[in-house]
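A short worksheet on the structure shown next.
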Protein chains: 2
Amino acid sequence: MTELRPGDASLLRKVNTQVTLRALRRAGVATLTQLGRVTGLSRQTVEAVLDELGERGYVREVPPDEGAMGRPARRFGFRADAGYVVGVEVGGDAIVAALADLNGEVIAWERAEVSGDAPAHQRLEAAERTALACVDGAGVARRHVWAVAAGTSGIVDRTGRVSLSITLPGWTGVDLAGLAGRWFGSPALAANDANLAALAEHWRGSAQHASDVVYVLIGHRAGAGILIGGRLHPGRNGAAGEIGTLRQVGWEDAARELVKDASAAEVFEAALGGDREAVRRVDRYAENLAIGASALALAIDPDLLVLGGGYARAGDVLLEPVRRHLAELCVSAPEVVASTFGDEGVAIGAVRLALDHVEREVLGL
Amino acid sequence: MTELRPGDASLLRKVNTQVTLRALRRAGVATLTQLGRVTGLSRQTVEAVLDELGERGYVREVPPDEGAMGRPARRFGFRADAGYVVGVEVGGDAIVAALADLNGEVIAWERAEVSGDAPAHQRLEAAERTALACVDGAGVARRHVWAVAAGTSGIVDRTGRVSLSITLPGWTGVDLAGLAGRWFGSPALAANDANLAALAEHWRGSAQHASDVVYVLIGHRAGAGILIGGRLHPGRNGAAGEIGTLRQVGWEDAARELVKDASAAEVFEAALGGDREAVRRVDRYAENLAIGASALALAIDPDLLVLGGGYARAGDVLLEPVRRHLAELCVSAPEVVASTFGDEGVAIGAVRLALDHVEREVLGL
DNA sequence: CGACATACGTGAATTGGTTACATAAGTGGA
DNA sequence: TCCACTTATGTAACCAATTCACGTATGTCG
């Protein structure tokens with residue numbers, strides 16, 4: 001239930017600040033009159049709001065446009081460089097960090113390899129180093145990082161603690177959000193990697209126009225992330241989408257059978273070339289995948305199913321059989337598309353999560 | 001995305017009207033000062049709001065309290081009888097209609113049997129007759145019915161049309177909401193029965209304190225309804241929760257095996273008495289149920305799983321083995337409870353859905 | 001250089017809300 | 001019966017946010 005609070009006059013200003021800010025960010029740079037028109041507010045109100053935002057450092061005046069008719073209008077722009085957020089993927093064999101401004105423009109990447117057998121403390125140190133290097137390398141002051149989000153495999157509870165990890169040694173029980181908060185002394189969040197990848201697709205990828213999304217992250221292990229109404233649905237324990245653990249679904253050994261003796265890329269390549277055995281194996285893998293995916297699709301009836309992660313790069317060689325099997329299994333199968341992002345999806349989703357936090361807590365609402 | 005509109009002063013009044021109305025409905029009857037205290041608004045504002053609501057017919061002044069200290073305060077109450085809603089279950093072999101006031105108090109029930117083989121038009125006529133009889137019998141004028149909602153088995157799309165029904169003859173394609181709208185000339189909604197039953201449990205049943213709920217309706221056929229954030233999650237095509245159609249899940253023939261030669265009630269009775277064969281059959285049924293339920297639970301990771309419908313009345317004889325199998329299948333199995341409502345759950349959920357519509361559309365927000 | 005277009009600046013009016021304080025209308029005890 | 005006490009009501013002054021109206025400023029174009 002939405003907690004409904006009474007409103008005095010200052011509520012109006014809050015609402016109109018949000019409206020104006022949103023319009024300004026969409027427009028990039030705009031005049032008072034333009035903002036008044038798109039928001040439906042009077043020019044005077046927009047001006048008052050922008051004055052306030054200017055004092056708080058979120059908005060700056062830019063030089064007026066030249067060559068236009070009439071008196072030149074003052075122009076304003078959102079100060080995307082007023083603050084920054086960091087999104088980090090703490091993966092099995094790599095750390096990926098992204099630094100983004102308040103518009104979500106990624107201005108720096110940093111990447112580091114890490115052994116899959118590395119103990120938790122070592123992985124955490126690598127993550128911290130990578131995040132700090134990313135920020136320092138871009139010449140951004142650390143105190144300007146307003147929020148950090150981290151994504152990792154396994155089940156992450158709502159406090160940002162890894163409550164269960166099967167793949168990473170010593171990872172269960174790690175308070176990822178708590179530790180990440182110390183990197184920059186900022187608020188910090190943590191979530192499951194597939195969930196974040198789903199968020200990324202909804203933000204700037206294949207799922208922009210979908211509201212309910214199931215994202216299946218496929219690689220050595222498969223996991224799923226779920227968006228309901230465009231928002232993360234982690235579930236009570238952060239375990240939503242963990243369908244792979246159901247024996248009947250068969251995600252456990254699906255990947256193992258696929259690769260058996262060759263690398264996954266080789267198998268997909270061979271299947272694309274028409275190799276009978278490879279085609280059969282890919283089809284079998286697709287079927288297993290489709291069983292789990294259909295369980296999710298039937299449960300949630302999403303607008304869209306996105307396949308991402310390493311194996312998704314295979315493209316239609318894999319997508320087609322998945323679509324075929326899914327259609328057999330589902331009453332009304334959702335559209336199936338490939339992820340837009342490659343390795344960066346999780347970090348981009350983490351950036352989005354951190355931005356969500358900033359927009360909620362700092363910019364108000 | 002929440003469409004963010006600019007606010008002028010009248011927005012404040014809207015917000016404060018909602019706050020006041022909610023406080024008044026919670027309190028039942030209250031004075032201006034009391035409402036001011038709980039809402040955080042000034043007495044004057046509350047008075048102005050209540051004046052308006054009084055003119056619109058939603059609030060009435062009641063005689064002041066006697067015997068209290070100080071000047072007697074004017075007292076106000078929500079006029080729950082300003083309007084009514086009707087909730088109808090259009091089931092396989094019965095129609096159940098409930099008439100409720102704006103507080104959701106059910107003031108009349110009406111029930112009619114209908115043959116499972118009855119063609120669609122006959123079932124629809126029975127539904128209309130039952131709904132009208134319910135309202136007429138309570139002495140409520142038909143024009144005071146502000147909204148109607150109907151629940152039925154099968155997949156109901158977001159326009160309220162039955163897009164797929166396996167059990168009821170000729171039911172696929174019926175525009176249930178459209179037809180129900182003609183009964184009273186009111187707005188009308190339609191949804192899947194399990195979804196509505198879930199809503200009922202969340203409103204006044206076993207799931208009041210849960211936010212994400214999976215409700216499994218078990219009887220001759222099993223279906224599921226899903227609540228996310230306390231709200232209905234029908235999915236893109238209204239098919240969310242239709243996990244039973246997945247072959248691997250085995251809901252298709254679970255019930256058939258259970259009853260085989262006896263009635264379900266007899267089997268549960270026998271199992272309770274310790275009959276080995278009956279216990280074995282119930283356990284097998286519970287396992288099948290748990291497989292499907294665990295797929296839903298893993299997908300959504302709900303706060304609570306509610307078992308309802310005819311078979312759920314068996315109680316712990318069935319619940320216990322379901323819990324046991326579920327714990328084996330799920331990483332972190334949700335709590336499992338029995339539904340609070342018997343046959344009335346769907347109609348009560350329909351009442352809630354109709355009330356939701358009224359509160360949204362008529363009372364504003 | 002004047003006509004035109006467009007944005008800016010200011011003041012009054014409106015709406016909705018709050019605080020402060022005098023006044024009204026009960027109860028309870030002397 | 002009357003007076004103190006308690007609690008609610010009524011009224012006035014004030015504030016915050018917004019809008020509208022209108023005059024003024026500042027550019028371009030012919």
Side-chain angles (χ1 to χ4, degrees), chain A residues 4-24 27 29-56 59 61-77 364-365, chain B residues 4-24 27 29-56 59 61-77 364-365:
Chain A
L4 212 49
R5 278 162 310 184
D8 66 337
S10 74
L11 173 66
L12 280 188
R13 181 48 69 89
K14 264 187 204 155
V15 168
N16 290 335
T17 301
Q18 287 308 313
V19 173
T20 306
L21 198 50
R22 191 171 295 196
L24 180 60
V29 167
T31 70
L32 297 178
T33 316
Q34 285 167 350
L35 287 174
R37 201 168 36 233
V38 305
T39 58
L41 293 164
S42 72
R43 179 173 49 79
Q44 286 89 332
T45 301
V46 172
E47 185 172 17
V49 166
L50 252 47
D51 272 358
E52 251 178 45
L53 286 171
E55 278 170 28
R56 287 206 272 156
V59 163
E61 191 167 349
V62 301
D65 209 5
E66 290 180 7
M69 274 294 224
R71 176 174 175 170
R74 298 166 67 196
R75 289 162 74 228
F76 298 86
L365 178 70
Chain B
L4 213 47
R5 279 162 309 186
D8 65 337
S10 75
L11 173 66
L12 280 187
R13 182 46 69 88
K14 265 188 204 153
V15 168
N16 290 335
T17 300
Q18 287 306 314
V19 172
T20 306
L21 198 51
R22 191 171 295 197
L24 180 60
V29 166
T31 70
L32 298 178
T33 315
Q34 285 168 350
L35 287 174
R37 202 168 37 234
V38 305
T39 58
L41 293 165
S42 73
R43 180 174 48 78
Q44 284 86 337
T45 301
V46 172
E47 186 174 16
V49 166
L50 252 44
D51 272 358
E52 251 178 46
L53 286 172
E55 277 171 29
R56 287 205 272 157
V59 163
E61 191 167 348
V62 300
D65 210 5
E66 291 180 5
M69 277 294 225
R71 174 172 178 170
R74 300 165 68 196
R75 290 162 72 225
F76 299 85
L365 179 69

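In what follows, chains are A, B, ... by sequence order, proteins preceding strands, each numbered from 1.
The distance from atom CZ of B:R71 to atom C1' of C:dG26 is 9 Å, rounded to the nearest whole Å. Separating the CD atom of B:E66 from the C1' atom of D:dT7 is a distance of 16 Å, rounded to the nearest angstrom. As rounded to whole Å, 12 Å separates atom P of D:dA16 from atom CD of A:E52. Here the C1' atom of nucleotide D:dT11 and the CD atom of B:E47 are 11 Å apart, to the nearest Å. For the pair A:L12 CG and C:dT15 P, the computed distance is 14 Å after rounding to whole Å. For the pair A:L11 CG and D:dT18 C1', the interatomic distance rounds to 14 Å; values are reported in whole Å. If you take CG of A:D8 and P of D:dA16, they are 10 Å apart, rounded to a whole angstrom. Distance A:D65 CG to D:dT26 P: 18 Å, rounded to the nearest Å.
Regarding contacts with the backbone of D:dT18, a side-chain N or O of A:R13 is found under 4.0 angstrom from either OP1 or OP2. Distances shown here put every side-chain N or O of B:N16 at or beyond 4.0 Å from the OP1 or OP2 atom of C:dG16. Listed pair A:T33 / C:dT6 fails the phosphate criterion, with no side-chain N or O lying under 4.0 Å from OP1 or OP2. In terms of phosphate contacts, B:S42 brings no side-chain nitrogen or oxygen within less than 4.0 Å of OP1 or OP2 of C:dT19.
Looking at heavy-atom distances under 4.0 Å, B:A68 makes contact with sugar-phosphate atoms alone, never a base. Base contact: B:Q44 has a heavy atom under 4.0 Å from a base atom. Among the protein residues, B:R43 comes within range of the nucleic acid bases, having at least one heavy atom under 4.0 Å from a base atom.
Comparing A:G40 and A:G67 along DNA chain D, the residue whose closest nucleotide (by nearest heavy atom) sits nearer the 5' end is A:G40. Judged by closest nucleotide on DNA chain D, B:Q34 is the one of B:Q34 and A:M69 placed further toward the 5' end.
Residues A:L35 and A:L50 have side chains in contact (heavy-atom distance under 4.5 Å, counting atoms from C-beta outward).
Minimum interatomic distance between A:L24 and A:F76 (heavy atoms only, all atoms of both residues): CD1-O, 3.5 Å. Between B:R56 and B:T17, the shortest heavy-atom contact is NH2-CG2, 4.2 Å. Pairing each heavy atom of A:P72 with each of A:P64, the nearest pair is CB-CB, 4.1 Å. Listed here is the closest heavy atom pair of B:G77 and B:V62: N-CG1, 4.5 Å.
Looking at the side chain of B:L41, the nearest of the listed nucleotides C:dC8, D:dG27, C:dT18 is C:dT18.
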